[in-house]
Each structure stands twice: as C-alpha cells, then as structure tokens.
Amino acid sequence: MSGEHVLVCVAWPYANGPLHLGHVAGCYLPPDIQTRFEKAKGNKVLMVSGSDEHGTPITVTAETMGIQPQEVVDKYHKINLQALNDLGCSWEPNIDPRGSEFGGALFNRTTDPDHKEIVAKNFTKLMEAGLFEKKVMQQYYEVRKGGGRFLPDRYIEGECPTCGNQEARGDQCDACGVTYEAFELIKPRSKMNPEAEIQVKDTEHFFYRLDLFQNILEKHAQERQSVWKSNVKSMTKQWLDMGLRPRAVTRDLSWGIPLPLDGPDWDGKCIYVWFEAVQGYYTCAKLWAERYADTDSWEKWWKVSSEGKKPRHLYFLGKDNIPFHTIIWPAIILGLNHANRGLDSSTEPCLPTNGDLHLEDNVPAMEYLMLAGGQFSKSRKHAIWLPSFLEQFDPDTLRYYLSINMPENHDTDFNWSDFVERINSELIAAYGNFVHRVLTLGNRLPEGTGIHDFEDLSLCSAEMSKLELLHQEITASLDKHRYKEALRFSMNAAQLGNQMIQNATPWLFINDIEKEGAKESLAKLSFGWRLCRFLSITMQPFLPFSSQRLWNMLGEQGDCSLQDWSSAIDWSIDTKWSDQTPSPLFTRLDLSEIIQREENLVDISQDSQEGVEHTVKGSKKIKDGKKMTEGIKYIDFESFMDVELQVGKISAVKDHENADKLYVVSIDDGSDKGRTICAGLKEYYTPEMMVGMSIVFVANLKPRKLRGVMSEGMMLAADDGRGGVKLITVDGEIETGSRVR
RNA sequence: AGCGGGAUAGGUUAGCAUGGUUAGACCGACGGGCUCAUAACCCGUAGAUCGAUGGUUCAAAUCCAUCUCCCGCUACCA
C-alpha cells in the first residue's frame, strides 16, 4: 500500500472565534493522526483545509466589535493556525520533507483571492451547464438610512402567527413548533437592532439542481456502504430518502464572494457559504500545487488517472457536517465532471471515470466531545479554548486524552479529573515510566559496557512475536480509522515492556554482570531499547512531540516521523545509545491546581451569561430565565418557618485550601462541637474582621461539600449587587444558638 | 415538532450490520508482590438486573415494538 496518493480533507473551521477542544477531538486531531500514519507507511499525503471566513455571523461579530470583517477573520485565522501548529498538526512545512512529489499541506482561507477566483469559475461552469435554476424567495430586510440589508432568519424574531409567542424565530416558532413563510411572522424585528423597521422583500436566487444527482448519489452511497460508519450511512440515507431538492447557492450577503455576473440584479448578492467553502478542498489542492509543487501535480490527488488509478479521499468532520460531504459536495464534484465533459442538465450525470475528479472514499465523521456533560458552545462560553490549553499543557497530553477518549461512535465527555487521571496513570505511569526505567537502568550499567553488549534476541522471541502481532493490530486499526483501539494496542506494548522488566529484574544485575542469571536478565533490558524504539515509531502519529524526544534519547538520529512504519519491528537495526542523562518524557499533572484555574473560568462564564443570550440560537432557555423574574411569588408562613435561623459567634476563620473565594468558618452555635460553614467572603472580609462577630446563619440547610469541605449551613449577608456585601450581625449580646424569627 | 444516532461495572468504553462459550479492555477500589522507575511497575480479587417495559426465538447486549434521558440534523454555532 506504499506510494498511494491520499488526500486528507479537514473540515474548515469558521474564523469567528478560537477553536475549542470539541473541534480538536472532532475534526482536527484525527486527520493529523491519519496523515502521520499514512506518511510513515510511505504514502503521498496532501492535507488540505483552512479558515472558513465568509458569512453573516462574521459581519455580526465585526459589527459588535466595531471593526471590519476582514480584521475578524485575520485575527482568528492567525490564532487558529497557530494553535493547530502548536498542537503538532502537520500544517507546516507546506512541502513534505521527502519532496513535493510526496505531497504536503496547505491551511488556506476562503478570503484568498485565488480561492475566490476558482470558485467563481466553477460557479460559471456549473451555471453554463444548466445545473442551476433561478427562483424568487422572500427574505427579511432591515431598513436603514442610506440602504438596508437582508437578514438571515436566525437574526429575526417576532410574534408567532399560530400561538402568539413573542419570541418566535424568523421561520419557525420554538414554542409550538409550527413553521411558516417569512411574511407570516407578526411584528418582525431584528435581534441585533430591534428598533429598525423590518420588511419582507422578494429576492431572486440561484439554486443548485441537487435533484439531478439523486440517482447517481444513491449509487455512490451504495458503493461506499462497506466502508462508511453507521452514522454516515444513516444520515446520508435519510437525505436521499427525503428526496433531494434544489438548494440555494446564492444569498443576500455583504461578506462573501460576489457573483461572477454583471447587472444590478446581482448587486449585494454573494455565493452562499456552504457552496463556496466546501470547494476549498479542491481550490486548496490546486493552490498548493501552484505554490509549492508542479502546477498540475494536484491532479494526482484529485483525479482518477488515465489508467483508472484512483487517489484515496478521506474527509474528517463532525457529525453535523455529514450530508454536506456525502451529498452536497459530491453533487458539486459530479456537476463539475459533467460540465467538464461539455454536458448539461439534459443528460444524466455518471460516476467518475478516468480523468474525472474523484469522490470521497471514507468520511470518518466523529460524534461530539462534551464538556462536563454539556455541549461545547461558543455563544454560551461553555468551552475550553485550544490556545489557552496549549499555554498550560504539553500538547501530547491533550493528544493522548482526546485519542483514547475519541468520540468515534458516540459523544464522549471531557472533564478535568478524568484528564488528569488518565495522563498520570496511563500516559505517564505506564508508558513514560517504562521508557524511563529502561533508559535509567541502561545508564547504570558498569563503565565500559553498553546496553548493546547484552543483546541476545534468541532469548526474546516471545516478546518479538508479541510486538509483531501488536504492530499488525495497530496498523489494521488505523487503516479502519479506529484510533482509540490503535492507541490502546500501542499502550499494550508499553505494558508488555513493564512486565518484561518486572520479570527480568535487571536491577539485581546491573552492578554484578557476572552473577547467575545476569545474561538472561540483561538481554531483556537490552530488548527494552528495541521496545522503546517500537513505541517511538508507533506512538508518533498520536504523540509526535514525546516520540521525537524519546527518539533522541534512544540515540537515534533525525526525524522520528520520517521512519518507515514497519521499521518498528525491524530487529536487524543496530542498538544505539545516547550519552545524555535520561529525563522523564512527561511531567505529572496536579488536579487541584487545574481545578483552581478551571474555577476561575467557570466564574467568568457565569458572569457573562446574561449579556450573550440574545445570540443563542435555541430560545427555550432564555424563556425559562425570564419567567422567573416576572412578578412577586409569595410564600406562606409555614414555608418561612421551615427555615431555621440561629445566632452564632465566629470562632475561627481559615482559608479554604482548594478554593479562591471561600473561607472555612468555624462557628460557635451553642452546641459542643460547633459547626463549619464555607462562605464566599474573601473579597469582602479579612479573617481578623470576622472572628468574634455574632452573625445569623441558616441552621437546617442541607449540608453540602464545597470544594471538598463540608459546609453545614449558610451565613446571612446583604448584597447590593454592586460589589457591596455585609454580614448580618446581632445587636448586643445573646446566647449562641438562639432562634431568629 | 419531525427524522437520525446514542445509553453496557464507580468512571471511560469494546462487542451489536451476520442473535449462540464464563459480556472484553483501560482507569479507580480492595488484597498481595517488587523496590530499577515520576506516589511509578507486576500478580490477583471484587464490581455489569447490558437505559425501562413488553415481544420474537431453543437462545437476545445484539432482532422488533413502546417509553425515558442525551446528542445531532431539519433550521448559517464542529
């Protein structure tokens, strides 16, 4: 399988904010692992992606920040590319170190003028082949001085014509579920600019004739049944079963690629982002060839050769993106092939043959990574951002955790304690520690001897065949895009190493190499070097940074990622050694430190919750929030009397060891042992101020652990909402434990 | 709301298209061993009514029906 052309297509991140860990697990880490693996096997890999930089949400962001859309996308393109490179994703260098005939990578952007030009040409080509139709549709229009603008449905709300809900969206009401045409919504208003007058205007648009490709796409999906994952199969089937309809390819947009057409009818209209950005896979390959290789070389990755040899196309994306890549994008490719043949809509399109653009082979779409049980969300700020993560952690720790916990078959969850647990006990304790054992033991051998002096492969045949089997299994798993399984097999090799060392007890012999049994024991230690080398090569797609560190510590030269994949089990390679003192591959993580930082993040996200809600798509949560503030809700006397308030005296105040804002307060409540209450008063009181105060506390509040310390109640304090907080104190002396009412 | 996907030991999960040994793995817990190694390693034990209920079958985690919860798409946040 060596020498194959593999095109790795990576979903284009929207340049409207930084990437978070959900993006990484879903579509940025898996293609990098695959690319590294394919390269190690000797395949010629071209990896393409870039920033998706057009569309209304970006103009909205620009408006909010008071800058130009171009500045928004410049900023996030730079941040995201930097973060991906820092994560070790192979976007640099652009040319494969083995030469441009081996491919390379390009992380481009949709605002690239060359991208725009190719897209415009394709647009014209498809239009001239009769694959578009024109239709008039109705769209909301915000009237402004000196010209208004069209608004997408998601930026409109109004009164539902069916149930009267005041917060119905432009095309559908969340309260009763009814859908309607634009003009039916009562009193429409702009979410961004509620004062503006909203009209419904006719607007003419082009639609791509997806319906022409129904049969051929069904055939194509049929051919891919055996390789596609079940989620890809079923989602594609769903679309095909519903029947494909023409889909708009133009929009009333200010920020996008203008239509390559003259005439006032087409002013203010752009090519719809989905139709444009998805072509990036194609434009990017072309531009890569133009800039870094022979101009025509892109065809090796995109076209079925004249002899019928096909490149392999892999698309990496999140589950929400599946139909775009199994229906819409193939339909565009088929349309381009059709037009290139000089045919039009009167002829039935056919599957690619020699010289045509190739369709996707596999679409290993991932499910979602959740954050502590909830969905990552840009607008709700429930996220861990990749750039800030990489400022604090070794990228390989993230790569390990996300790989071993990859959402391959269903959603998986990221949480900090699990992250620390797995890094410390698996990556470090099993893998890192094994490597460190071998290297330090080897270093302690008597002066004048080296690990290679004790090599005796005839004593290690069991280990050799086990590694050979594991190598087969890792390879098979990666070929099937089963990353978790592959990494687990690699980890099994580390475990095998620990067992081998444990059984051989080489520490008993390193100071006395003549002792009975030394030969057998030290032969195993020596084989430990080969096992480390095996690990360095097979871990490299997953953990490129630490693999390279290990590679150097083993005394090997050059770039670990350029080693042949099968050389991991090449036992004829000479054992080498490095003179440098071995140092641990990874540093242990400390959960409490991380939790503390994490707490700050959570606080920030809660504070900023209110201000961002108007941009949240689903409005259900907002409604619930608003109901609670409507009117006064009375409680009856019994309910009030259920709350047991008592007087207490503060006897001691300590810092909570594991929290930023909390004190651990000891209170004399009249009982023998007193009680402990955690209180968030650090910003307002010093311990000295508090000790001795007579305060009022809730005595029958259900005890609860706060950051590890049991809190038995709650002290009353007044809060003006503007940062002023004062404890409620008692006027004069009264016995502690007295009931307050 | 409609459509699609998911739910398996305390945690993370494999197995499910083609029903058939004791439902496999990693982490954690517990017991023992080791002491070279980053509180690391090795051996062993316990822990799962396979989301709920009903059905098909000689046999169901696996197939069918209904329900619950989570996620996605429909509907410009991966």
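Residue numbering restarts at 1 for every chain, and letters A, B, ... go by the order of the sequence lines.
Glycosidic conformation, B:A17: syn, with the torsion inside 90° of 0.
Within the 4.5 Å cutoff, the side chain of A:Leu531 has heavy atoms near those of the A:Met500 side chain. Between A:Glu53 and A:His77, some side-chain heavy-atom pair lies under the 4.5 Å cut-off. A heavy-atom distance below 4.5 Å is not found between the side chains of A:Thr250 and A:Tyr272.
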Next item on the list: Test A:Phe542 against A:Asp396 for side-chain contact (heavy atoms from CB on, under 4.5 Å), laying out the working first.
Entry: CA-CA 8 Å; A:Phe542 297 96; A:Asp396 277 356; over 6 Å; no
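With a cut-off of 3.5 Å on both pairing distances, the Watson-Crick or G-U wobble partner of B:G4 is B:C71. When both distances must be under 3.5 Å, the Watson-Crick or G-U wobble mate of B:C50 does not exist. With a cut-off of 3.5 Å on both Watson-Crick or G-U wobble distances, the partner of B:C76 is given as none. Judged by Watson-Crick or G-U wobble contacts below 3.5 Å, the nucleotide B:A29 has B:U45 as its partner.
Remark: A:Asn503 is not in phosphate contact with B:C42, judged by side-chain N or O atoms under 4.0 Å from OP1 or OP2. Neither OP1 nor OP2 of B:G11 sits under 4.0 Å from any side-chain N or O of A:Asn415. For the pair A:Arg422 and B:G11, the criterion of a side-chain N or O lying under 4.0 Å from OP1 or OP2 is not met. Side-chain N/O atoms of A:Lys484 include one lying less than 4.0 angstrom from OP1 or OP2 on B:A14. In this structure, A:Arg247 does not reach the B:C76 phosphate: none of its side-chain N or O atoms is under 4.0 Å from OP1 or OP2. For B:C41, the OP1/OP2 oxygens have no side-chain nitrogen or oxygen of A:Gln495 closer than 4.0 Å. Distances shown here put a side-chain N or O of A:His410 below 4.0 Å from the OP1 or OP2 atom of B:A14.
Side chain of A:Asp418, nearest nucleotide from B:C76, B:G11, B:C27: B:G11. Proximity note for A:Gln499 (side chain, C-beta onward) versus B:C76, B:C43, B:C36: the nearest is B:C43. The A:Leu508 side chain lies nearest to B:U35 when the options are B:C42, B:U35, B:U38. If you check B:U12, B:C71, B:G33 against the side chain of A:Lys319, the one that comes closest is B:C71.
Among residue pairs with one or both ends in residues 434-444 of chain A, none qualify as salt bridge (Lys or Arg N to Asp or Glu O under 4.0 Å); sequence neighbours excluded.
Nucleotides B:G32 and B:A46 place their C1' atoms 15 Å apart, quoted to the nearest Å.
A heavy atom closer than 4.0 Å to some atom of RNA chain B occurs in A:Asn433, A:His436, A:Arg437, A:Thr440, A:Leu441, these being the qualifying members of residues 431-441 of chain A.
At the heavy-atom level, A:Glu485 lies nowhere under 4.0 Å from the strands shown. Within the 4.0 angstrom heavy-atom criterion, only backbone atoms of the sugar-phosphate kind lie near A:Ala429; the bases stay farther away.
Of all heavy-atom pairs spanning A:Gly442 and A:Ile451, the tightest one is CA-CD1, 4.3 Å.
Taking the six-membered ring where the residue is Trp, the centroids of A:Tyr281 and A:His325 are separated by under 6.0 Å.
Partners of A:Ser417 according to the side-chain contact (heavy atoms from CB on, under 4.5 Å) rule, which considers only residues two or more places apart in sequence or in another chain, are A:Asn415, A:Leu591.
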